[in-house]
Amino acid sequence: LQARREESAIRAPAAGVVSQIFQQPGGVLLAGAPLLEITSPSARTVVAYLDQASADRVKVGAEVELVASGKQQGRHRANVARVGKTLQEIPLQLRRNQAIVEWGLPIVVAQLPEGAFRPGEVVNVRIRRN
């Protein structure tokens with residue numbers, strides 16, 4: 001049994017933490033479909049979703065302030081690296097009411113200091129007005 005187990009082991013291509021599992025044991029996976037997602041143990045980028053009213057006001061390079069939910073410390077300033085082209089469904093854990101589908105424009109905030117946030121951690125993003 002140990003030898004069979006070793007044969008079927010899936011080795012990660014890089015060091016990191018499993019952040020999302022797309023298929024549970026016993027399921028069938030199509031060739032090329034992702035099984036899981038591995039992220040760095042420390043998040044250096046944040047994806048935020050802007051409501052439709054705010055979507056037109058943010059451009060690449062805009063300064064933002066990030067604060068992890070529930071933390072007194074850990075305020076970081078960074079800049080918007082990318083702005084999405086289309087509205088996307090906001091992930092369930094980020095919705096105000098999980099029973100209602102919400103849509104937002106994704107933005108990517110990059111170049112955060114090492115260890116600023118944990119992968120999957122909910123972070124509040126405030127757009128700084130110049």
Side-chain angles (χ1 to χ4, degrees):
L1 285 174
Q2 184 64 27
R4 285 184 64 197
R5 185 176 179 188
E6 286 295 318
E7 285 177 2
S8 64
I10 299 172
R11 305 270 186 248
V17 178
V18 174
S19 57
Q20 190 170 4
I21 299 173
F22 298 109
Q23 183 64 50
Q24 296 301 319
V28 176
L29 202 61
L30 296 173
L35 174 62
L36 51 84
E37 179 177 81
I38 299 173
T39 57
S40 166
S42 154
R44 299 213 46 208
T45 59
V46 167
V47 177
Y49 295 86
L50 303 176
D51 61 19
Q52 293 181 37
S54 303
D56 292 334
R57 297 191 315 223
V58 175
K59 306 284 185 241
V60 170
E63 187 177 349
V64 296
E65 184 176 55
L66 302 102
V67 181
S69 296
K71 283 188 179 178
Q72 297 299 322
Q73 303 168 340
R75 229 173 251 279
H76 298 280
R77 287 190 180 177
N79 295 87
V80 174
R82 272 193 328 258
V83 176
K85 301 288 183 206
T86 61
L87 295 174
Q88 294 181 2
E89 188 174 329
I90 295 176
L92 193 62
Q93 70 270 23
L94 299 179
R95 296 181 194 167
R96 288 179 282 256
N97 180 343
Q98 293 184 350
I100 299 173
V101 175
E102 292 184 57
W103 296 84
L105 183 71
I107 64 168
V108 176
V109 179
Q111 303 300 321
L112 293 167
E114 185 71 34
F117 304 109
R118 292 185 314 272
E121 185 172 15
V122 176
V123 176
N124 294 314
V125 178
R126 183 173 49 191
I127 300 161
R128 305 213 16 110
R129 304 288 176 219
N130 294 332

Distance, nearest 0.5 Å, that separates CZ of R77 from CG of L66
11.0 Å

Which atoms form the tightest heavy-atom contact between A110 and A81, and what is the distance?
CB-CB, 3.8 Å

Is there a path of hydrophobic side-chain contacts, each under 4.5 Å between heavy atoms, that joins V123 and V109?
yes

Please, which pairs that meet ring pair (Phe, Tyr, Trp, His ring centres under 6.0 Å) have at least one residue in residues 74-98, sequence neighbours excluded?
H76-F117

side-chain contact (heavy atoms from CB on, under 4.5 Å) for V80 and V64? Distances and angles first, verdict last.
CA-CA 7 Å; V80 174; V64 296; 3.9 Å; yes

Rounded to the nearest 0.5 Å, how far does CZ of R128 lie from CD of E65?
5.5 Å

What pair of heavy atoms forms the shortest contact from Y49 to P106, and how long is it?
CE2-CB, 3.8 Å

Check for me, please, whether V60 and L112 land in the same ILVMFWY cluster - side-chain distances under 4.5 Å, paths through other members count.
yes

Check the pair L50, I127 against side-chain contact (heavy atoms from CB on, under 4.5 Å), reporting the backbone distance first and the verdict last.
CA-CA 10 Å; L50 303 176; I127 300 161; 3.9 Å; yes

Roughly how far, to the nearest 0.5 Å, is the CD atom of E63 from the CZ atom of R126?
10.5 Å

Any link between L105 and V58 through a network of hydrophobic side chains (Ile, Leu, Val, Met, Phe, Trp, Tyr) touching at under 4.5 Å?
yes

Taking side-chain hydrogen bond (donor to acceptor under 3.5 Å, both in side chains) as the definition, give me every residue that meets it alongside D51, ordered by chain and number, with sequence neighbours left out.
S54

Are V122 and V108 joined in one hydrophobic group, where the rule is that I, L, V, M, F, W and Y side chains link up if heavy atoms are under 4.5 Å apart?
yes

Between side-chain atoms of residues 22-37 and protein atoms elsewhere (two or more places apart, or another chain), which donor-acceptor pairs fall under 3.5 Å?
{"unit_1": "E37", "atom_1": "OE1", "unit_2": "S19", "atom_2": "OG", "d": "3.0"}

Donor-acceptor pairs under 3.5 Å, side chain of residues 82-96 to any protein atom, not counting sequence neighbours: which ones?
{"unit_1": "E89", "atom_1": "OE2", "unit_2": "R95", "atom_2": "NH2", "d": "2.5"}
{"unit_1": "R95", "atom_1": "NE", "unit_2": "I90", "atom_2": "O", "d": "3.0"}
{"unit_1": "R95", "atom_1": "NH2", "unit_2": "I90", "atom_2": "O", "d": "3.3"}
{"unit_1": "R96", "atom_1": "NH2", "unit_2": "E102", "atom_2": "OE1", "d": "3.0"}

N79 and G61: which non-hydrogen atoms are nearest, and at how many Å?
ND2-O, 2.9 Å

All pairs passing salt bridge (Lys or Arg N to Asp or Glu O under 4.0 Å) where residues 103-113 contributes a residue, at least two apart
none

Residues two or more places apart in sequence or in another chain: which of them pass salt bridge (Lys or Arg N to Asp or Glu O under 4.0 Å) with E6?
R11

Take atom CG of N97 as the centre, draw a 6.0 Å sphere, and report whether it contains more than 12 heavy atoms from other residues, nucleotides or ligands.
yes

